Amino acid sequence: MFSLLKYAKKYRVQIILGPIFKFLEAVFELLLPIFMAKLIDEGINNKDSSTTIKMALAMFVMTLIGLVCVLICQYFSSIASQGFGTELRNEMMRKINSFSHVEINEYGTSTLITRITNDINQLQLALAMLIRLVVRAPFLSIGSIVMAFIINPKIAWIFVITLPLFSILLFFIMKKTVPLYKKVQEKLDSLNLVVNENLSGVRVIRAFAKKDEEAKKVASVTDDLAISYKTVANISALLNPITTLIMNGAIIFLLYIGGNQVNIGGMKQGEVLALINYMTQMLLALIVVANLVVIFTRAFASANRVNEIFNTEPSVTDLVDQSASWKKENEVLKFSNVGFKYTEKSGYTLKDINFSLKQGETLGIIGPTGSGKSALIQLIPRFYNINKGSLKINNKNIIDYTLEVLRDHIAVVPQNSVLFTGTIRSNLLWGKENATDDECWKALEIAQCADFVKSLPEGLDYKVLAGGKNFSGGQKQRIAIARALIKNPNILILDDSLSALDYKTDLNLRNALNNSMKETTLIIVSQRISSVRSADKILVLNDGKQDGFNNHENLLQISKTYNAIAKSQIEKEEL
Ligand SMILES: Nc1ncnc2c1ncn2[C@@H]1O[C@H](COP(=O)(O)OP(=O)(O)OP(=O)(O)O)[C@@H](O)[C@H]1O
Ligand SMILES: [Mg+2]
């Protein structure tokens with residue numbers, strides 16, 4: 001946990017000064033009962049009004065200074081803990097951004113969200129409490145005992161008995177609750193997962209009339225969480241009555257013995273009151289210590305979860321000696337015996353892929369669903385590393401390029417394109433930061449959606465809602481294609497991006513691409529024969545294996561898979 005404190009380095013001053021001010025306040029708080037005892041014993045009882053006023057004034061000033069100290073400490077702790085949280089969150093986001101698809105798949109988004117929100121909140125709280133209470137609480141509990149001994153060593157033994165009694169009680173309660181808090185944290189994770197899936201899949205849930213079942217699923221997870229919280233709360237609730245009982249018992253004992261002492265003249269009234277004050281102070285400080293332990297255990301669990309992210313090394317990263325620049329060669333892409341597996345467990349998704357492509361050519365990739373088309377194209381911008389064989393781009397090994405160079409020259413329109421909240425223009429600018437309006441319109445023109453955008457009231461400034469929900473599937477696909485085009489990539493990959501388009505628009509789009517981007521090597525993944533038949537080369541995949549690499553006419557003869565797909569679709573079209 002403490003390794004994370006390096007993110008609070010900037011707030012060193014606040015982290016050191018905060019507890020010092022709180023300590024000052026605690027010193028005043030510890031001295032107050034002594035002044036009160038004097039006020040009663042020497043002022044009121046002796047009818048000495050000047051001492052009474054002096055003491056009252058001193059108490060007032062001390063309280064005032066104490067208040068200022070507390071305010072300063074709270075201020076420092078807010079600045080430090082909020083700053084620490086912000087720093088941690090930014091750093092974690094940077095780390096997650098460096099992850100490749102492998103790590104993102106492994107963690108899943110919901111736990112990443114819980115970690116960056118809830119877990120970091122816990123850590124932030126722990127730092128705030130560290131500044132505010134870690135010095136104060138133990139100081140006050142020990143200080144109270146010391147003061148009791150100073151006032152009357154004969155009675156102070158009541159403190160010495162109460163302290164361990166109380167500590168044992170706290171220990172047992174915490175022993176029960178702390179592991180439960182850890183469980184609560186894990187359950188929060190699963191609640192997040194279920195709620196996340198439910199909200200993002202709300203349309204599907206309605207379409208399948210699964211509302212009741214899904215509501216039950218959420219209810220069962222929330223019930224589960226509620227039960228854990230209740231158990232913790234029930235045990236923690238015991239803390240209050242039992243501590244009050246012990247506290248009041250100790251006070252009655254103090255009053256009894258103290259009263260007797262006053263009667264025989266061994267003690268003064270004010271001193272008894274001061275002792276009672278110290279007793280409450282000590283026990284309250286101990287309760288705070290117990291709460292601190294809970295906060296820190298939770299923070300400890302959170303720190304582990306945050307550290308897990310920080311300690312995960314992205315599997316696809318830049319290596320030290322990658323100096324290859326992008327230089328166009330006749331042969332732009334060459335797969336030799338490429339094998340690929342998503343995870344060790346999943347086995348090979350792609351086996352022995354062999355083909356090459358010339359600059360400016362168009363490649364079609366076709367194959368049944370699950371045959372590895374998306375897997376294959378994700379290897380080209382190095383979203384994943386290959387596991388076997390070699391993959392060359394412009395005659396250089398893919399590993400010789402930095403990720404930045406690769407992704408600057410290769411654009412991918414993924415199967416499920418995502419538009420970001422903002423406007424159409426802000427989405428297009430993802431492709432090129434400083435693109436002019438003309439460039440935006442040209443890209444939209446090629447992507448066959450200029451007419452559609454023109455018809456919108458605000459044109460390029462039309463609002464895009466989260467996930468592009470205010471657009472149809474085909475509109476989203478075309479804007480996503482325009483976003484990729486604006487980058488003017490050397491290799492453009494469309495992963496089933498034409499699937500939501502009608503045949504005519506699909507054809508127009510491909511023609512526009514061929515006419516206006518002659519230099520670009522185009523890779524079109526599709527389930528439709530019509531989308532790939534005019535490509536220079538077509539790669540046929542079946543169950544992760546290559547079942548032909550040729551043009552349409554030849555493939556009809558040599559590839560069983562291609563022939564079968566063609567037959568099924570041509571029949572359909574004729575119908
Ligand atoms: N993240 C992943 N981890 C493990 N296996 C995966 C992962 N993604 C896909 N797969 C598996 O890899 C195989 C190939 O998937 P891929 O997405 O490449 O198919 P595809 O040809 O693009 O299919 P579609 O036409 O439906 O898009 C499938 O069997 C799939 O179950
Ligand atoms: Mg796919």
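Predicted model only: the values in this text are computed from it and were never measured. All ligand and atom numbering here is 1-based and tracks the order in the structure. Residues take their numbers from the sequence shown, with the count starting at 1.
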Sub-3.5 Å N/O-N/O distance, Thr369 and ligand 1: yes
[Y]/[X] salt bridge by N-O under 4.0 Å criterion:
X: Glu87; Y: Lys10; value: yes
X: Asp496; Y: Lys373; value: no
X: Glu458; Y: Lys463; value: no
X: Arg528; Y: Asp506; value: yes

Side chain, backbone, both or neither: Asn105 near ligand 1, heavy atoms under 4.0 Å: side chain
Per-residue contact class, His101 against ligand 1 - non-hydrogen pairs under 4.0 Å: neither
Test item: protein heavy atom less than 4.0 Å from atom 30 (C) of ligand 1: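 No, there is none.
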Which ligand 1 atoms are under 4.0 Å away from a heavy-atom of [X]?
X: Gln415; value: 24 (P), 27 (O)
X: Ser371; value: 19 (O), 21 (O)
X: Gln527; value: 25 (O)
X: Ala375; value: 18 (O)

Expected output: side-chain Asn192 to main-chain Ile113 donor-acceptor under 3.5 Å: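 It does not hold such a pair.
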Student check: side-chain heavy atoms of Phe383 and Arg407 closer than 4.5 Å: yes
Within-4.5 Å side-chain heavy-atom neighbours: Tyr401 and Arg382: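 When only atoms from C-beta onward are counted, Arg382 and Tyr401 do not touch, as no gap falls below 4.5 Å.
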Selection from Ile104, Asn416, Thr349 by shortest heavy-atom distance to atom 13 (C) of ligand 1: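 The option holding the nearest heavy atom is Thr349.
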Geometric class of the Tyr462/Phe471 ring pair [parallel <30°, tilted 30-60°, perpendicular >60°]: perpendicular
Closest protein heavy atom (residue, atom, distance) for atom 22 (O) of ligand 1: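 Scanning the protein heavy atoms, the shortest distance from atom 22 (O) of ligand 1 goes to Ser374 OG, 2.7 Å.
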Heavy-atom nearest neighbour in the protein, as seen from atom 11 (C) of ligand 1, with distance rounded to 0.1 Å: Tyr342 CE1, 3.9 Å
Contact check: Gln415 to the Mg ion (ligand 2), N/O/S below 2.8 Å: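 Checking the Mg ion (ligand 2) against Gln415, an N, O or S atom does fall under 2.8 Å.
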